[in-house]
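Below you will find the structure I want to go over with you.
Each chain gets a letter, A, B and so on, in the order the sequences are listed, and its residues count up from 1. Because only heavy atoms are used, hydrogens play no part in the values below, and waters and symmetry mates are left out as well, while side chains stay in.
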There are 4 protein chains.
Amino acid sequence: MHEAADTARKSIGARRNPDSCVAILEAAEAVLAEAGYAGFSIEAVARRARAGKPTIYRWWPSKAALLLEVYQRQKRVAVPDTGNLEEDLVGFLQNLFAHWRDTSSGNVFRSLIAEAQSDRHASAALADYTGGRRAHTGQMVERAKARGEVALDVDAAVVADLIASFAWRHLLTDRLDEDEVTIRAAVRYVVHGISRDRM
Amino acid sequence: MHEAADTARKSIGARRNPDSCVAILEAAEAVLAEAGYAGFSIEAVARRARAGKPTIYRWWPSKAALLLEVYQRQKRVAVPDTGNLEEDLVGFLQNLFAHWRDTSSGNVFRSLIAEAQSDRHASAALADYTGGRRAHTGQMVERAKARGEVALDVDAAVVADLIASFAWRHLLTDRLDEDEVTIRAAVRYVVHGISRDRM
Amino acid sequence: MHEAADTARKSIGARRNPDSCVAILEAAEAVLAEAGYAGFSIEAVARRARAGKPTIYRWWPSKAALLLEVYQRQKRVAVPDTGNLEEDLVGFLQNLFAHWRDTSSGNVFRSLIAEAQSDRHASAALADYTGGRRAHTGQMVERAKARGEVALDVDAAVVADLIASFAWRHLLTDRLDEDEVTIRAAVRYVVHGISRDRM
Amino acid sequence: MHEAADTARKSIGARRNPDSCVAILEAAEAVLAEAGYAGFSIEAVARRARAGKPTIYRWWPSKAALLLEVYQRQKRVAVPDTGNLEEDLVGFLQNLFAHWRDTSSGNVFRSLIAEAQSDRHASAALADYTGGRRAHTGQMVERAKARGEVALDVDAAVVADLIASFAWRHLLTDRLDEDEVTIRAAVRYVVHGISRDRM
DNA sequence: TGCTAATCGAGACGGTACGTCTAGTCTTTTT
DNA sequence: AAAAAGACTAGACGTACCGTCTCGATTAGCA
């Protein structure tokens, strides 16, 4: 994460300056990491990035848009494939919690959810994003279905919803340090409930 | 929701004036209902309630405290007791969604969660509150255990967490109009997963 | 300047409590001495005196009234009588400057003048007070007239005005540490101007 | 004193907008004229000028700075040059009193002096200003010295001080309507006291 | 090669809200 | 009746951001 040079960035002609773009995204991430959502303001990002406010507003029409891009820039969480749904889901949640806990991603995503509660653009953007993620997480269930672990009439989207909801609430209530036992219990309750020999 | 009289409320001596207290809580609710979390400010509440800002700050140290009291003032959601866990939980979620949807409660609680992402007092207050609610919801599971529906080694708190998480995420992503089929599916997956003859 | 006892003063029945009166005046003086006019508020005095605000407002209708009483409670400056007008006036100014400098009187009187610029009660009270003082200071000139030092047609009130004005402006512009040479020069210019053999 | 147009003033780039500057100074003057020092608040000025409070604080760090600039913006008092010190000084005082009386200048300067009693910035600004004025007034005396009217060893600054003090006290005690006889008497006492053939 | 046009940093602008302070009024309780 | 206590409405304080605006400098691509 290289720092901005002492010499100010200038315009590079009649087109977007990628340096500024990167500097702003990195500054936004840094501000969120250091001061959290409370300290996240366009002013603070502009100050940190040594950028003008209009430059930010030009490319990101709302705080939400900036937050979303910052979040998407960060590395995705790996979706395990162990051949066993319970292990997959427990692994996924543990990876996700660790990712949220150890990087600024947790703060970014929390902020995005909070922002979505008062800003309709953020709300729409979040709905879009979560729609995509749900399908992604649902693949773990679909694979389990294909393996015969899970009943065929199970709605993978609902299962993905349950798992994602569990993750969200832990994020939003500062419980990302949940122990494996509890995570596994939650996952097992759901996995057992949808297993093939049950339904 | 009666309006304030033309004559200003005065002090009623060296003790809290319940009229002011009520007027402020009602104003807070009205502001949230009309302008949402984005327009919810102490100034706006004070203006609407014809109250001085210090009067609000005197009794509610933070926006979160005010939000929480507004939320708690609203009628509680009934916890059904049908003798069947699936029906209990489906009914509970439907009641909760309807309550959030049809009153301003949903907006209030969304705001509280959002506030908790940037204010540590809000965060603490919310943790406090959800702790209490978790035990409450868990009772449905405990009753089912007592009836023999649910395995004895099931952690009721984890189940309550799963259900509450599902509700929160629907609130936070504007999906309170979820159809019964989906709600029932989610509940069934969990209930089956913890049923006695399964574990 | 004894401090208030730990036990709160109580009402002594249907009449004014002199302890409260004294405590309030002393508190006002102490506040002015420590924080100056900037920190002088009825709230601050009430806090310091452990008195209720209404108790202050009952007896002193305005800040100015309180200031005036505080000022008048303080010891008067001696008016010298050396048999020579120049010495009298120089001595008087030196005494006055020292009094203002070394006690809280200076702050009190500055505050009173400042208050009089925005409060008509203060203005009236100050006019009243200065009227009395002018006559008082004028006596030094009248004595000099009687001694034949000063021409008979000199208006003692105008001379008193010149001297008092000089003192006020030094107070108001923080020049109470003026050296004797300058004070004497100012006095001499006036005294020579009114001496008998001149006019 | 033209009113602000209906269209709000906007920024004119990364530099001070003179329209705003003027609007604020005129608003400050108007507020002082209408409500006096008691009603003079940054809020009131901002409201009247249709300006944001931060715009005022950006350019005038304190109420005193604003008052001072309002005062200095108003036309200066003419310093007469009649070839006779008594006439010069009497004329100067009469001009000054009339200026203070007939414009809002008197209120502005009174306010500035009052403000200086509680605010060290005001105090410093006032000291600065009066320093300059003293030299200015002293020139009348210096001219008289050059003409041989006044003894050479007279300290012009002290004389200016006496005259200015006399003016200040009349301003501060609402005596700007003083008659010419009294003004002339005061001036004559001083002028005689310093005349060449006397000392 | 010189002109146009979009972008950059900078920072001022009118506003709104923050959380704190004081003003002056009020009522209850205690003496 | 008067004292203390402290709550009440009201509004100013000085600060932080909001989102918009205009500037002058910069540079690519069109003419």
**OP:** May I ask you to verify if any side-chain N or O of D/W59 is less than 4.0 angstrom from the OP1 or OP2 atom of E/dC13?
**Re:**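 D/W59 to E/dC13 OP1/OP2: side-chain N or O found under 4.0 Å.
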Original post:
Do B/R16 and B/W60 meet the cation-pi criteria used here (NZ or CZ under 6.0 Å from the six-membered ring centre, within 45° of the axis)?
Top reply: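 Checked: cation-pi criterion met.
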**OP:** Measure from CG on B/L66 to P on E/dG19 and round the result to the nearest Å.
**Re:**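 From B/L66 CG to E/dG19 P: 12 Å.
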Original post:
Between atom OH of C/Y71 and atom CG of C/N107, what is the distance when rounded to the nearest 0.5 Å?
Top reply: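 That separation rounds to 11.5 Å.
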Subject >> Most 5' of A/F40 and D/G13 on DNA chain F, judged by nearest nucleotide >> reply: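 So the residue in question is A/F40.
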Subject >> Position toward the 5' end of DNA chain E (nearest nucleotide), C/P54 or A/N17 >> reply: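 Looking at the nearest nucleotide for each, A/N17 comes out on the 5' side.
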Subject >> Presence of A/R58 side-chain N/O under 4.0 Å of E/dC8 phosphate oxygens OP1/OP2 >> reply: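 Yes.
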Original post:
Does some side-chain heavy atom of B/F40 sit less than 4.5 Å from a side-chain heavy atom of B/L67?
Top reply: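 In contact.
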Original post:
Side chains of A/L66 and A/I24: closer than 4.5 Å at any heavy-atom pair?
Top reply: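 Yes - at least one pair of side-chain heavy atoms lies under 4.5 Å apart.
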Subject >> Length of the line joining D/R15:CZ and F/dC21:P, which is rounded to integer Å >> reply: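 About 16 Å, once rounded to whole Å.
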Original post:
Considering only heavy atoms and no angle criterion, is a donor-acceptor pair shorter than 3.5 Å present between the side chain of B/S11 and the base of F/dA7?
Top reply: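 Per atom types, the contact qualifies.
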**OP:** Using a cut-off of strictly less than 4.0 Å, decide whether C/S20 has a side-chain nitrogen or oxygen near OP1 or OP2 of F/dA4.
**Re:**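 C/S20 to F/dA4 OP1/OP2: side-chain N or O found under 4.0 Å.
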Original post:
What's the closest nucleotide to the C/Y57 side chain, out of F/dA4, E/dG24, E/dA17?
Top reply: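 Between F/dA4, E/dG24, E/dA17, the one nearest the side chain of C/Y57 would be E/dG24.
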Original post:
Does a distance-only test, which skips hydrogens and angles, find a donor-acceptor pair under 3.5 Å between the side chain of D/K53 and the base of E/dG15?
Top reply: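 No.
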Original post:
Toward the 5' end of DNA chain F, which comes first, D/P61 or D/A14, by nearest nucleotide?
Top reply: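 Mapping each residue to its closest nucleotide by heavy atoms, the 5'-most match is D/P61.
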Subject >> Selection residues 112-123 of chain B - residue pairs positive for side chain to side chain donor-acceptor pair (under 3.5 Å), sequence neighbours left out >> reply: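 Those involving residues 112-123 of chain B are A/R110-B/Q117, A/D174-B/S123, B/Y37-B/E115.
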Subject >> Any D/R47 side-chain nitrogen or oxygen under 4.0 Å from OP1 or OP2 of F/dA12 >> reply: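 Result: yes.
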Original post:
Just how far, in rounded Å, is P of E/dT22 from OH of C/Y37?
Top reply: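 Atom-to-atom, C/Y37 to E/dT22, this comes out as 14 Å.
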Original post:
Would you say B/T55 reaches F/dA7's phosphate, i.e. side-chain N/O to OP1/OP2 under 4.0 Å?
Top reply: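 No, outside the criterion.
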**OP:** Compare side-chain N and O positions of D/R9 against OP1 and OP2 of E/dC13 and report whether any pair is under 4.0 Å apart.
**Re:**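 No.
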**OP:** Examine E/dA10: is either OP1 or OP2 under 4.0 Å from a nitrogen or oxygen in the side chain of A/R50? Give yes or no.
**Re:**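 A/R50 to E/dA10 OP1/OP2: side-chain N or O found under 4.0 Å.
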